[in-house]
Amino acid sequence: MLKLNGLKLLHFKNSQDAQTVDIPLPKTVKIPMQQHMGAPCTPTVKVGDQVRVGQLIGDSDQPFSVPVHCSVSGTVTALEDYVTSGGLPAKRVVVETDGLQTPVECSPHTVTNQAELVEAARNAGLAGLGGAGFPTHIKLGYKDVDRLDTLVINAAECEPYITSDYREMMEYPDDIIEGIQAVMKCLNIGRAYIGIEDNKPAAIALLNQKAAGTSIRVEALRSIYPQGAEKVIIYNTTGRIVEEGELPADKGVVVMNVTTVANLSRYLRTGMPLTHKRVTVDGNFVEKPMNVRVPIGTSVEDLLNFAGIDRERVKKALMGGPMMGLAMENLDTPIIKNNNAIVLFDEAEAEAPHTTACIRCGRCIDVCPMNLMPANLEKAFDAGDKEELERLKVGLCINCGSCTYVCPAKRNLAQKHQLAKAMLRRKK
Ligand code: SF4
Ligand code: SF4
């Protein structure tokens with residue numbers, strides 16, 4: 001049973017009124033072939049090729065994968081090896097831009113059934129843009145389609161600092177509604193909920209106005225972390241519980257991120273696949289928080305230069321928010337599809353906390369939205385006890401970071417749980 005309580009965090013939505021601005025075209029982009037959950041793509045271009053915006057540059061014959069498209073026009077100058085944040089080897093395509101941004105030829109798509117919708121989502125290069133990177137065409141291609149009756153749009157954006165989805169709602173509400181209607185029509189789904197945390201009243205009002213007269217309902221959700229976790233938002237919008245080992249679709253629900261559904265709508269209208277991403281740039285010392293639209297493959301370094309960040313003060317840079325974001329080793333890292341924020345901290349916030357012994361206070365258990373026992377999981381991981389990790393259901397951990405956040409002993413629990421899951425995957 002899921003709990004309704006969670007963490008009350010300071011929101012730091014400093015960039016919420018920052019209208020999206022476009023970064024000047026970078027000289028070079030490095031476009032990774034692994035920007036999604038699943039098999040990496042193989043480059044379909046070679047060094048010396050001229051490429052256009054929206055051109056397919058990477059694909060895979062594995063069903064659980066998402067094609068990659070070029071975000072700029074120019075010349076392919078290298079096919080580099082790199083290691084993903086998950087530690088896997090993959091390639092990235094380096095393109096020197098020509099400044100013209102010549103697009104591929106593309107035309108609108110009409111979709112009327114599930115097969116056409118799935119094909120469109122794949123051709124659009126869509127993977128969960130809220131951070132998960134789950135291939136959208138797999139989600140929409142659930143084979144027992146008659147079981148589906150509800151679409152949940154995840155617009156909670158519960159992580160502090162991040163306002164990328166919020167700007168999508170404020171700037172492109174019609175795209176969101178049209179995308180939802182396309183999915184509902186093709187999957188024969190009768191109702192949709194847009195779940196938005198109640199700290200975004202302007203977005204709630206705007207989408208309520210846009211959804212008037214449709215079977216789309218806007219649900220104002222409590223601003224409690226992690227409201228945007230898939231199982232949590234399903235429960236809080238529909239009352240349905242997705243059990244261990246089940247997919248949301250097994251409970252009749254499809255969940256899509258709000259920016260993903262808007263991009264689906266834009267693809268249907270224009271035929272142009274996903275090439276750019278909006279990224280929030282903020283942090284504890286950032287004077288001018290921004291939302292910046294960048295060509296995918298733009299380096300974080302270029303983004304920070306554009307945002308006027310004093311690099312000397314950056315002591316910690318996260319891809320994502322402070323609860324679930326990944327710390328970057330270097331700023332040469334390219335922005336990928338599911339990056340929604342770069343959050344920066346100076347010395348005052350970046351210092352690693354001093355860890356002490358567990359005092360068995362139980363706070364980590366109280367806040368866990370999945371009803372796990374984080375302290376016991378840590379103990380099992382430290383002992384290398386795989387059977388105990390399975391018994392304690394480490395696989396249910398959604399890596400929300402709530403246990404780490406509340407721990408008075410400053411134990412890095414969530415990170416250990418991630419390592420524990422990786423250990424079990426290796427075992428299998
Ligand atoms: S990181 Fe995992 S164990 Fe910790 S609170 Fe979140 S779901 Fe529970
Ligand atoms: S919150 Fe920290 S100190 Fe308290 S039981 Fe959990 S691991 Fe131990």
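Atoms within each ligand, like the ligands themselves, are counted from 1 in listed order.
Close approach to Cys407 involves these atoms of ligand 2, each under 4.0 Å from a residue heavy atom: 1 (S), 2 (Fe), 3 (S), 7 (S). Taking every non-hydrogen atom of Cys358 and a distance limit under 4.0 Å, the qualifying atoms of ligand 2 come out as 3 (S), 5 (S), 7 (S), 8 (Fe). Listed by number with element, the atoms of ligand 1 under 4.0 Å from a non-hydrogen atom of Gly401 are 1 (S), 6 (Fe). Close contacts between ligand 2 and Pro408 involve ligand atoms 1 (S) [criterion: under 4.0 Å to a heavy atom].
Contact annotation for Arg360 and ligand 2: only backbone heavy atoms (N, CA, C, O) come within less than 4.0 Å of the ligand.
Not a single heavy atom of Val406 sits under 4.0 Å from any atom of ligand 2. Ligand 1 has Asn399 within reach: a non-hydrogen atom of the residue lies less than 4.0 Å from it.
Electrostatic pairing of Glu349 and Lys316 does not count as a salt bridge here, judged by no charged N lying under 4.0 Å from a carboxylate O. Of the charged side-chain nitrogens involved, none lies within less than 4.0 Å of a carboxylate oxygen, so that Asp174 and Arg269 do not count as a salt-bridged pair.
With sequence neighbours excluded, the residues satisfying side chain to side chain contact (heavy atoms under 4.5 Å, CB included) with Asp282 are Asn14, Tyr161, Thr280, Val286, Pro289.
Here the protein heavy atom with the shortest distance to atom 4 (Fe) of ligand 2 is Cys361 SG, 2.3 Å. Given atom 3 (S) of ligand 2, the protein heavy atom at minimum distance is Ile359 N, 3.4 Å.
Between Glu246 and Lys251, the shortest heavy-atom distance links the atoms OE1-NZ, 2.8 Å.
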Per-pair distances, 0.1 Å, donor-acceptor, side chain in residues 177-196, under 3.5 Å, sequence neighbours excluded:
from   : atom 1 : to     : atom 2 : distance (Å)
Lys185 : NZ     : Val111 : O      : 2.9
Arg191 : NE     : Thr150 : OG1    : 3.1
Arg191 : NH2    : Thr150 : OG1    : 3.4

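In this structure the side chain of Ser299 never reaches within 4.5 angstrom of the side chain of Pro334, judged on heavy atoms.
Other residues, nucleotides and ligands contribute at most 12 non-hydrogen atoms within 6.0 Å of the CD atom of Glu119.
Counting only N and O atoms by type, the side chains of Thr20 and Arg278 include a donor and acceptor under 3.5 Å apart.
When ring centroids are compared, Tyr267 and His109 come within the 6.0 Å threshold.
Counting only residues at least two apart or in different chains, salt bridge (Lys or Arg N to Asp or Glu O under 4.0 Å) contacts with residues 252-268 comprise Glu168-Arg266, Asp175-Arg266.
Listed by chain and residue number, the protein N/O/S atoms under 2.8 Å of atom 8 (Fe) of ligand 1 are Cys368 SG, with waters left out.
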